[in-house]
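No hydrogens, no waters, no symmetry mates; every other heavy atom, side chains included, goes into these values. A note on names: the letters A, B, ... follow the listed sequences, proteins ahead of strands, and every chain is numbered from 1.
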Amino acid sequence: MKKGDHLFLIDGSGFIFRAFHALPPLTRKSDGLPVGAVSGFCNMLWKLLTDARDTSVGVTPSHFAVIFDYSARTFRKDIYDAYKANRSAPPEDLVPQFGLIREATRAFNLPCIETEGFEADDIIATYARKAEAIGADVTIVSSDKDLMQLVTANVHMYDSMKDKQISIAEVIEKWGVPPEKMIDLQALVGDSVDNVPGIPGIGPKTAAQLLEEFGDLDGLLARAGEIKQVKRRENILAHADQARLSRRLVELRTDVPLDLNLDALVLEPQDGPRLIGFLKAMEFGTLTRRVAAACDCDADAIEPAALHVEKAEAAHGPDLDAADPNAGPSAAPPARAGARGKDADVTGETSPAELAKSRADAFATAKIDKSCYVTIRDVEALDDWIRAASETGLIAFEAEATSIDPMQAELAGISLSLADNTHTPAGGEICSAYIPLGHKSGASDLLGGGTSENQLSMPEALERLKPVLEDASVLKVGHNLKFAYLLLKRYGIVVKSYDDVMLMSYVLEAGKGGQGLDSLSERWLGHIPMTYKEVAGSGKAGVTFDMVDIEKAMTYAAEKVDLALRIWLVLKPRLVAERLTAVYERLERPMVATLAEMEERGITIDRQILSRLSGELAQKAAAFEDEIFQLAGERFTIGSPKQLGDILFGKMGLPGGAKTKTGQWSTSAQVLEELAAVGHELPRKIVDWRQLTKLKSTYTDALPGYVHPQTKRVHTSYSLASTTTGRLSSVEPNLQNIPIRTTEGRKIRTAFISTPGHKLVSADYSQIELRVLAHVADIPQLRQAFADGVDIHSMTASEMFGVPVEGMPADVRRRAKAINFGIIYGISAFGLANQLSIERSEAGDYIKRYFERFPGIRDYMENTKAFAREHGYVETIFGRRAHYPDIRSSNPSVRAFNERAAINAPIQGSAADIIRRAMVKMEGVMSKAQLSARMLLQVHDELIFEVEDAEIEATLPVVVSTMEQAAMPAIAMRVPLKVDVRAAHNWDEAH
DNA sequence: CTCGCTAGTCG
DNA sequence: CCGACTAGCGAGG
């Protein structure tokens with residue numbers, strides 16, 4: 001150790017007692033072993049080891065040790081027999097945790113120090129003084145007053161639970177004397193807990209005053225006769241020896257023989273797998289996840305460690321304070337160690353599945369009590385909630401705003417929900433609060449409504465909330481967190497460490513129903529929540545949330561977070577039980593921040609181009625309308641399929657083809673094309689008119705309306721949980737269906753442009769779904785074709801029809817291409833016949849021939865169907881599940897439809913997983929390569945970036961390799977992935 | 001004003 | 001034949 005180093009000394013014994021009383025009585029899930037203090041201890045160590053700079057310690061440790069009391073007689077007992085004789089046995093629930101905390105220390109690869117005959121405090125004192133002598137700085141992690149005598153300019157204390165540093169000034173503030181006089185002060189005051197006698201009638205205030213006047217204890221005892229107060233003078237004179245004895249008891253020894261010298265305390269790197277093994281054995285899921293992420297380990301692959309400590313008897317914890325001190329609504333958070341009911345988790349569960357079940361059962365019937373919801377209107381109450389969140393490390397939150405568009409919304413308020421003990425679901429206290437921040441006075445105010453009275457100022461509240469929202473050691477729970485994430489990012493808060501119950505449910509139940517908070521609440525809690533409409537009205541009578549009466553808003557907002565927290569408690573163990581944690585952690589949760597950033601960036605569109613196109617389309621469409629009315633002999637609504645059908649198949653008597661499922665004549669493009677092909681003029685013009693009006697109404701007219709007033713860009717919103725297969729979807733506007741297949745439509749893409757000095761880069765996977773098929777079904781010819789880089793449709797045509805690839809007629813290839821797509825879609829003769837406009841029997845022959853050539857594909861399809869029938873779901877190569885409950889339907893067409901979807905889902909879903917992996921990795925890859933490329937859009941198999949001109953050349957290969965390697969290392973694909981990439985100033989030319 | 005239907009855009 | 005979203009129409013509240 002040298003000058004400038006920084007030694008952290010953890011008062012392990014002190015921490016155990018304090019954590020035991022301050023933290024919720026957490027028990028290990030599987031056997032009810034009390035582990036609350038161990039959990040708090042591990043979280044603290046992790047935070048100090050990874051994040052100490054961000055705490056109020058403000059420095060990173062170079063040396064680190066955890067010090068414990070050696071549970072035997074100490075030298076103080078020899079001095080004074082009654083020393084610590086008042087101490088009662090530690091609480092029953094704490095006993096097994098002593099050993100576990102020592103194990104935890106070793107699992108963190110930290111020195112675990114204890115010396116017979118000395119208390120932890122003496123060892124700490126010895127190390128601190130030695131380090132100080134060398135010129136190193138010391139932080140003692142403890143809030144014990146007995147250690148305050150050690151504080152100097154270079155030795156500080158740190159209260160980890162309050163995140164507060166204790167330096168000279170804090171000691172003076174608290175005790176009225178500087179640290180070096182703490183020994184004398186304690187000698188005068190005594191300590192009834194430790195049986196340090198002191199002098200009767202002298203408390204901290206008097207002691208400080210006396211020391212101020214007489215300098216120190218010796219000075220005081222020598223001149224005690226000068227004291228005016230009779231009783232006080234007599235007490236001091238009578239108990240002078242007692243005070244001297246007390247001083248010997250409280251003064252810490254700095255000469256303890258040390259087994260490890262200072263250099264041996266140097267901070268060693270973490271042994272990730274070992275630590276994860278311990279944390280898994282303790283069932284500390286959140287911390288396991290964090291550690292795994294930090295050390296880039298796969299937690300799922302690590303076995304829980306075998307603990308050396310004897311497993312305690314599974315027992316209920318003691319019923320601490322039975323009464324709830326916070327009965328009745330108040331703006332105070334639920335008591336930390338307060339009332340708790342039956343601990344449903346301790347009733348003998350042994351497996352994650354059983355825990356998941358008991359949680360689900362407990363919550364399915366738990367009553368939701370809205371009477372405990374509160375409004376936070378003052379800083380004190382807010383601070384109480386924030387402190388409680390920091391202590392429990394878990395809080396549900398939601399941002400309420402004036403719009404469902406996070407790019408336009410203004411914050412109206414924030415709701416919070418805390419559980420006093422996350423492992424006492426049914427009986428535990430879950431309570432919620434709403435912090436109104438931007439509410440306006442009601443509409444009755446003719447002046448238009450000013451800011452409502454009696455709410456916290458938004459900047460002040462956000463300043464206080466920011467640290468906890470950005471604190472990686474406090475898990476934030478929410479529903480559809482991307483909304484709050486993006487909204488708060490606009491307010492300067494970047495939420496760190498979160499769980500999204502919408503995504504958790506999506507991973508568990510995609511295909512089984514909606515993932516809205518209302519659906520989840522009904523499904524898991526049997527509770528139907530208030531609707532937004534009930535609170536804010538709708539349509540003409542609707543108001544923005546900031547105009548809603550605060551009491552009403554509070555109930556609605558507080559209920560939402562209450563539900564989110566309960567759903568989290570139900571779903572979190574289910575993820576583990578169903579072995580879906582990796583899917584959630586790798587493919588879902590990281591997408592929240594990735595997509596929020598893409599949405600925030602948006603893309604520039606050229607409104608002039610769109611406006612010019614709109615004009616052209618309007619002119620052309622008008623010309624078609626005239627001609628259509630001429631040919632029809634009357635004016636009618638061309639856009640009405642019903643009216644159009646009457647004209648074509650009624651009045652004009654054309655041969656009607658297909659009917660829709662409601663019995664109407666179909667006027668689909670396919671029907672009209674067939675009529676046009678046999679020489680009818682009107683259907684052709686209808687088809688053309690439809691194309692023009694579609695382009696105009698859906699794109700050229702609509703897109704400019706989405707340009708953001710401030711950013712001047714278009715910000716789509718991606719939905720992470722609306723498809724069964726794992727694909728994203730894009731809304732408001734949908735930027736995943738911008739035209740490309742016709743030259744007219746394609747022009748719209750020229751309106752998507754890069755900012756000056758930049759280009760748009762489009763990178764798309766080539767044939768990713770067929771490659772996935774070749775991988776999962778393991779088809780030799782397909783694998784070979786992709787390995788050789790040959791045209792896959794030509795290869796298919798060649799195999800099926802015996803036509804050489806060289807000089808293949810375009811039509812033969814077209815048919816093979818349709819068959820290839822059909823295969824991915826769970827082919828049917830009906831569908832293929834429709835697609836190719838051929839007879840169903842002919843399509844059937846094609847399929848038969850295809851399966852003869854590629855029997856592995858038929859096997860894959862049959863196996864997938866059988867799996868889906870048996871399990872009700874299918875899986876992607878990364879383990880994502882897509883559920884098809886109707887695959888067992890007795891209705892043959894419903895069943896067949898579900899079978900086709902089930903065949904398609906692993907293919908489409910695996911491709912979706914691959915591009916998700918690429919997206920999650922992309923940002924880190926770019927920053928590592930010191931490139932500033934910004935990912936803007938995702939279109940299923942394509943990513944669009946905006947890249948500075950000077951960096952294009954360097955960026956393209958990075959994009960390509962990140963995308964092509966995206967399946968690795970989780971899956972080594974049997975076929976290569978191929979990515980095509982181009983840069984240009986607009987999307988049309990880049991694609 | 002809401003909702004289902006038809007149609008058409010994309011991968 | 002798979003997966004999405006949106007516009008316009010028109011029926012029903």
Do A/Arg880 and A/Glu588 have side chains that approach each other closer than 4.5 Å (heavy atoms only, starting at C-beta)?
yes

Side chains of A/Ile914 and A/Met973: does their closest heavy-atom pair fall under 4.5 Å?
yes

Whole-Å gap separating [atom2] ([N]) and [atom1] ([X]):
| X | N | atom1 | atom2 | result |
| --- | --- | --- | --- | --- |
| A/Ile748 | C/dC5 | CD1 | P | 20 Å |
| A/Asp646 | C/dG10 | CG | P | 10 Å |
| A/Trp689 | C/dA7 | CH2 | C1' | 11 Å |
| A/Ile838 | C/dC1 | CD1 | P | 13 Å |
| A/His883 | C/dC2 | NE2 | P | 20 Å |
| A/Phe636 | C/dG8 | CZ | C1' | 15 Å |
| A/Lys533 | B/dC1 | NZ | P | 12 Å |
| A/Gln938 | C/dG3 | CD | C1' | 12 Å |

Can you check whether A/Arg900 has a side-chain N or O nearer than 4.0 Å to OP1 or OP2 of C/dC2?
yes

A/Ser640 vs C/dG10: side-chain N/O to OP1/OP2 distance below 4.0 Å
yes

Hey, does [X] reach any base, or is it just sugar-phosphate, or nothing, if we go heavy atoms under 4.0 Å?
| X | answer |
| --- | --- |
| A/Tyr765 | nothing |
| A/Thr693 | nothing |
| A/Gly639 | sugar-phosphate |

Using a strict threshold of under 4.0 Å (side-chain N to carboxylate O), is an ion pair present between A/Asp688 and A/Lys685?
no

Could you tell me whether a side-chain N or O of A/His991 sits under 3.5 Å from a main-chain N or O of A/Trp987, the two making a donor and an acceptor?
no

Aromatic rings A/Phe649 and A/Trp665: how do their planes relate, parallel, tilted or perpendicular, breaks at 30° and 60°?
tilted

Nucleotides 4-11 of chain B: protein proximity per nucleotide (B base, S sugar-phosphate only, - neither; heavy atom, under 4.0 Å):
-SSSBBBB

Name all pairs fulfilling the ring-ring contact (aromatic ring centres under 6.0 Å, His included) condition that reach into residues 887-910 of chain A, sequence neighbours left out, sorted by first residue then second.
none

Smallest heavy-atom separation, A/Tyr699 atom then A/Pro704 atom, equals O-CD, 4.1 Å

